[in-house]
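Data first, discussion second: the structure below is written as structure tokens.
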Protein chains: 2
Amino acid sequence: MSVDMLLYASTYVNMFFVACRPNDPVQLLAGPLSEGDANELAGILKVLADPVRLRLVSIVASSATGEACACDFTAPLDRSQPTISHHLGQLVTAGILEREQRGKWAWFRLNDQSLDAVHRALGRPNCC
Amino acid sequence: MSVDMLLYASTYVNMFFVACRPNDPVQLLAGPLSEGDANELAGILKVLADPVRLRLVSIVASSATGEACACDFTAPLDRSQPTISHHLGQLVTAGILEREQRGKWAWFRLNDQSLDAVHRALGRPNCC
DNA sequence: CTGTCATATTGATGTCTGTCGATATGTTGC
DNA sequence: GCAACATATCGACAGACATCAATATGACAG
């Protein structure tokens with residue numbers, strides 16, 4: 001990913017967070033999306049729209065402690081260590097996962113706010 | 001899009017519909033996703049993860065009659081007619097929109113079941 | 001049947017993305 | 001400091017994707 005692309009992506013991710021505060025949610029079904037809103041929502045959906053990243057999120061979310069070590073992902077997902085690291089980086093940049101370094105190991109947990117915002121963006125206005 | 005890719009995509013879209021019947025929903029947060037479930041969910045999320053397609057869906061969903069004519073999309077979205085047609089085709093293939101030919105015009109409406117399934121897949125198990 | 005209009009398909013192109021091997025960075029224990 | 005280990009970054013590559021111009025398809029009017 002180029003530097004320009006990274007800046008582009010993080011810009012929209014940040015805008016998405018701002019726009020998803022309770023009183024100003026981006027809502028797919030509430031009205032025609034502006035170009036900006038569509039870019040924000042598409043940006044975070046693109047990060048989710050990958051089988052490996054979805055499995056990473058699901059593994060973290062369903063772990064007993066709510067967190068998982070990077071070392072636990074390589075084997076079940078059948079991808080190289082750089083590839084897993086790349087996907088984890090995408091998820092962290094998008095705000096879907098949070099990374100915490102603990103000694104040699106990197107631990108990841110879900111950012112509930114971020115995923116809830118995406119969830120609500122795809123639902124009806126009066127939904128949860 | 002190649003024929004192989006189309007077959008690939010439609011396979012996963014169909015599997016997603018099957019998997020999203022009420023008693024067997026794909027749930028991102030309910031447990032580790034299998035490779036198949038992850039492919040299904042990623043497939044339909046990929047279709048949604050484009051600004052133009054999100055705006056198409058939002059325009060259709062928020063129209064007073066619940067449907068919109070293809071001719072209404074080109075101007076506000078600032079894309080060529082073939083590009084709009086391409087995106088509409090993707091949304092129809094994925095089951096998110098339904099197409100109805102009425103004379104010279106093509107009308108599109110939302111498939112509520114499809115979008116609801118994606119919405120629920122990203123939510124908590126006890127959510128709506 | 002023919003022209004006109006709306007939409008779909010084709011073909012081409014530049015860009016983006018997932019992947020991996022190689023290597024760098026950073027942490028721990030000795 | 002040094003060796004061992006976990007993770008991140010770099011560089012490269014193949015495949016996928018969004019886009020448009022040109023063209024084809026299909027429907028209606030006269």
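A, B, ... follow the sequence lines: proteins, then strands. Residue 1 opens every chain.
Scanning for ring pair (Phe, Tyr, Trp, His ring centres under 6.0 Å) contacts around His119(B) gives His119(A), with sequence neighbours left out.
Considering only side-chain N and O atoms, Ser80(B) lies under 4.0 angstrom from the phosphate OP1 or OP2 of dC20(D). At the phosphate of dT19(D), OP1 or OP2 sits under 4.0 Å from a side-chain N or O atom of His87(B). Applying the 4.0 Å criterion to OP1 and OP2 of dT27(C), one finds that Arg102(A) has every side-chain N and O outside that range. For the pair Arg79(A) and dG18(C), the criterion of a side-chain N or O lying under 4.0 Å from OP1 or OP2 is not met.
Of the candidate nucleotides dT19(C), dA22(C), dA21(D), dA21(D) has the atom nearest to the side chain of Pro82(B). Nearest to the side-chain atoms of Cys71(A) among the listed nucleotides dA18(D), dT7(D), dG21(C) stands dT7(D). Set against dT9(D), dC20(D), dT27(C), the side chain of Ser85(A) has dT9(D) as its closest nucleotide. When distances run from any side-chain atom of Gln81(A) to the nucleotides dT7(D), dT7(C), dT19(D), the shortest one goes to dT7(D).
Applying the side chain to side chain contact (heavy atoms under 4.5 Å, CB included) test between Glu35(A) and each of Leu33(A), Asp37(A), Asn39(A) identifies Asn39(A) as the sole match.
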Starting from the C-alpha separation in whole Å, work towards a yes-or-no answer on salt bridge (Lys or Arg N to Asp or Glu O under 4.0 Å) for Asp50(B) and Arg55(B).
-> CA-CA 9 Å; Asp50(B) 179 272; Arg55(B) 297 185 77 187; over 6 Å; no

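Two residues, Lys104(A) and Arg53(A), neighbour DNA chain C, and the one matched to the more 5' nucleotide by heavy-atom proximity is Arg53(A).
Although no hydrogens or angles enter the test, the distance criterion places no donor-acceptor pair under 3.5 Å between the side chain of Thr83(B) and the main chain of Arg79(B).
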